[in-house]
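Naming: A, B, ... by sequence-line order, numbering from 1 per chain. Every heavy atom of this structure was used, including side-chain atoms; hydrogens, water molecules and symmetry mates were not.
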2 protein chains.
Amino acid sequence: MRNRLQNGHVVTLADVARRAGVSASTASRALNGRGELSDQTRAAVADAARALQFQPSQLARSLRTSTTHTVGFVVPDVSSPFYAAALKGAQTTLHDAGYRTLLMDCEQSADREIEALQTLLAHRVDGLLVSTVGLGRERFEEVTGGRVPCVFFDSSIVGSGEGSVILDNYAGIDLLVDHFVEHGHRRIGLLAGSPSETSGFERRAAFEAAMARHEPHVTIAGIAGREWSLHEGTHATHELLALEEPPTALVASSVELALGAMLTCRERGVRIPDDLALAAFDDAYFAELLDPPLTAVTYRPREVGEAAASLLVEAMGDDEPGARDLRFDVRLIVRGSCGCPR
Amino acid sequence: MRNRLQNGHVVTLADVARRAGVSASTASRALNGRGELSDQTRAAVADAARALQFQPSQLARSLRTSTTHTVGFVVPDVSSPFYAAALKGAQTTLHDAGYRTLLMDCEQSADREIEALQTLLAHRVDGLLVSTVGLGRERFEEVTGGRVPCVFFDSSIVGSGEGSVILDNYAGIDLLVDHFVEHGHRRIGLLAGSPSETSGFERRAAFEAAMARHEPHVTIAGIAGREWSLHEGTHATHELLALEEPPTALVASSVELALGAMLTCRERGVRIPDDLALAAFDDAYFAELLDPPLTAVTYRPREVGEAAASLLVEAMGDDEPGARDLRFDVRLIVRGSCGCPR
DNA sequence: CTGTTAGCGCTTTCAA
DNA sequence: TTGAAAGCGCTAACAG
């Protein structure tokens, strides 16, 4: 137990007040610059605070004011480049608006997401920024009870009455599919991500819709995968390659999935793009340096975080704002991983 | 302002007590399972709490008990794979020990690191896990005043009396240098990271020491770089390649730096490994898929986080533990990015 | 087994 | 311009 100074006593506002020869309320006012005070006392309090290395307790302050200036940020996996970048964007915006960020990684588990939400609520965060792994509306409302403003990012819960900011999954998949079709591919496969997450669900739906538009010239060779990991990518690719009529082109719902596909192709002696064209939704800073360089749909993950944070800051303000939904544009970067079918 | 239920009132322990027909203290005991209570009241309280969707305020609880069960985690950059993984490891260990994690990304800035530390202290965290960007001992102690237990990871502050866990930077660099020397390289260069961070400093020192051991047959062609970024890697590589006697092999202090080198080589038409051998301290899950696959020193970043967290949990316990320093083993994975000089 | 009382450290009326 | 007093929501003696 070291949470105290050598005299065995945490420095409190009362200590500062005593040393400055004023009352606690005066000390409080001086430190927060509220009310009219003589310059003299103001200085005395400041000196005392400095001398004692006073750190006001946010705990007590928050308890009193019932506002913590803290927001909770819940993601399925911080080590994913997308969430890491979104976090930084959100953090910056929130910091500038005077909020701190409490991060929770729920490791892709709905139960841990609920746990995280509860912890955050217990800490009385002023707002929530969440990329849900797929909690339904009832479950979500059961936990939060609408107690705090919440903005979803890279996910949304329909009818929750909250704002959200997501990528334009439909446009991105269209870009990928159309590119393949234009280059003569007729059998295209999809490496799908988690179906319970908005982006996993939408990308798959978008793929099916895009392919339907090109029927009957082009057909879905197969769809495999239910998670976002590299591992899942390897398995799903094996599965699609083993098909009687395997795809000549593969759309991966994420970079990790694409990387898995590359690994599997290497293992099976399938050459990219000669034997199989590959492209991914999601860019990465190393995509260009891969062998072969990966064609990808790209966007600014940091801005997604910033936008979500702005929405939340607005929602946390006193004026009740209409929940808004933002959809971010994406674009295609063609690199060496896709070509025409043989 | 929505931080209240529809009746305009946050549910408090008193509400639960009232509904259950007991006193607040009894309700508290029932909810926390402390003291001897009749099963009847226990059940009544539980029912009331559930019915009201009661979420105890951690704020009030912490204020009263002066323990928050929360630890602060400060890193220079969450989007770095190393820190992201370390965070997950630490978070898991801490979660199992009953602690929550408050993350702060200081974006490589010493000022923001201090700010983060202050915020964390104001929130009365029970402990600190920090990878410092290079605060000196005085500065650090000025801020924390030894108020809470602290464990440094991937960094350390000499003489701070705190525990630390870092990678064996010396062994890692030795592995890299020796590998190059064995393959006949005589002029080796270094892409250095931030000199104010322990790992940046040590990797450079290790490089100089390792090279000294091979003198006079082998010489340092040059050392460039003062940051960890990919960008810095491109510039530093340009610099070394422009030397009158450029290196035939390059040791990169991090993957990002190595990636920068690859970009620059591609731009200048320098072939890897034919014209220049390249290897990095730090592995990445995509290293094998790069063109060419990157030779790297690898380790388990997650375990670094776990170890640091364990140390901290121990330090936060009542028994004053001796500050310990752990150094993690690393090993070399040889891939295609290095060969013999022409 | 349970209620009463006090108080964690701060802010905020209300008086002076 | 400043102080006294109350209270945020909870827990921990101390009684009963």
**Complete:** Note: for Glu36(B) and Ala60(B) on DNA chain C, the residue whose nearest nucleotide lies more 5' is Glu36(B)

**Request:** For Thr65(B) and for Ser38(B), locate the closest nucleotide of DNA chain C by heavy-atom distance; then report the residue assigned to the nucleotide nearer the 5' terminus.
**Result:**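 Its nearest nucleotide lies further toward 5', so the answer is Ser38(B).
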
**Request:** Name every residue in residues 19-29 of chain B that has at least one heavy atom under 4.0 Å from any atom of DNA chain D, in order of residue number, or write none if there are no such residues.
**Result:** Ser25(B), Ser28(B), Arg29(B)

**Message:** Taking any atom closer than 4.0 angstrom to a non-hydrogen atom of chain B, what span of DNA chain C does the protein reach, first nucleotide to last?
**Reply:**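 So the contact region on DNA chain C extends dC1(C) to dG9(C).
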
**Asked** Which one, dA6(D), dG9(D), dT2(D), comes nearest to the side chain of Leu37(A)?
**Response**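 From the listed options, dT2(D) comes nearest.
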
Looking at [Y], is its backbone amide N or carbonyl O close enough to the side chain of [X] to form a donor-acceptor pair, meaning the two atoms are under 3.5 Å apart?
X	Y	answer
Thr67(A)	Asp126(A)	no
Thr144(B)	Phe140(B)	yes
Glu113(B)	Val133(B)	yes
Thr93(A)	Ser310(A)	no

**Asked** What heavy-atom pair brings Ala60(A) and Leu63(B) nearest, and what distance separates the two atoms?
**Response** CB-CD1, 3.8 Å

**Asked** Between Thr101(A) and Met104(B), what is the shortest heavy-atom contact and its length?
**Response**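 Residues Thr101(A) and Met104(B), closest heavy atoms: O-CE, 4.3 Å.
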
Whole-Å distance separating the [atom1] atom of [X] from the [atom2] atom of [N]:
X	N	atom1	atom2	answer
Arg34(A)	dT2(D)	CZ	P	16 Å
His123(A)	dG9(D)	NE2	P	17 Å
Leu13(A)	dT2(D)	CG	C1'	14 Å
Arg124(A)	dC8(D)	CZ	C1'	11 Å
Arg42(A)	dT1(D)	CZ	P	9 Å
Leu63(B)	dG7(D)	CG	P	17 Å

**Asked** Is there a side-chain polar atom (N or O) of Thr12(B) under 4.0 Å from OP1 or OP2 of dC10(D)?
**Response**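 It does, given that an N or O in the side chain of Thr12(B) lies less than 4.0 Å from OP1 or OP2 of dC10(D).
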
**Request:** Would you mind classifying the nucleic acid contact of Ser62(A) as base, sugar-phosphate or nothing, using non-hydrogen atoms under 4.0 angstrom?
**Result:** nothing

For residues 74-90 of chain B, dump all side-chain donor-acceptor pairs below 3.5 Å to protein atoms at least two apart in sequence or in another chain.
from	atom 1	to	atom 2	distance (Å)
Asp77(B)	OD1	Lys88(A)	NZ	2.5
Asp77(B)	OD1	Ser79(B)	N	3.0
Asp77(B)	OD1	Ser79(B)	OG	2.8
Ser80(B)	OG	Phe82(B)	N	3.3
Tyr83(B)	OH	Ser131(B)	OG	3.3
Tyr83(B)	OH	Asp154(B)	OD2	3.3
Lys88(B)	NZ	Asp77(A)	OD1	2.5
Lys88(B)	NZ	Asp105(A)	OD2	3.2

**Item:** Phe73(B) ring center within less than 6.0 Å of Phe153(B) ring center
**Value:**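 Between Phe73(B) and Phe153(B), which both carry aromatic rings, the centre distance is below 6.0 Å.
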
**Asked** What's the spacing between Leu117(A) CG and Cys150(A) SG if we round to 0.5 Å?
**Response**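 Between Leu117(A) CG and Cys150(A) SG, I get 7.5 Å after rounding to 0.5 Å.
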
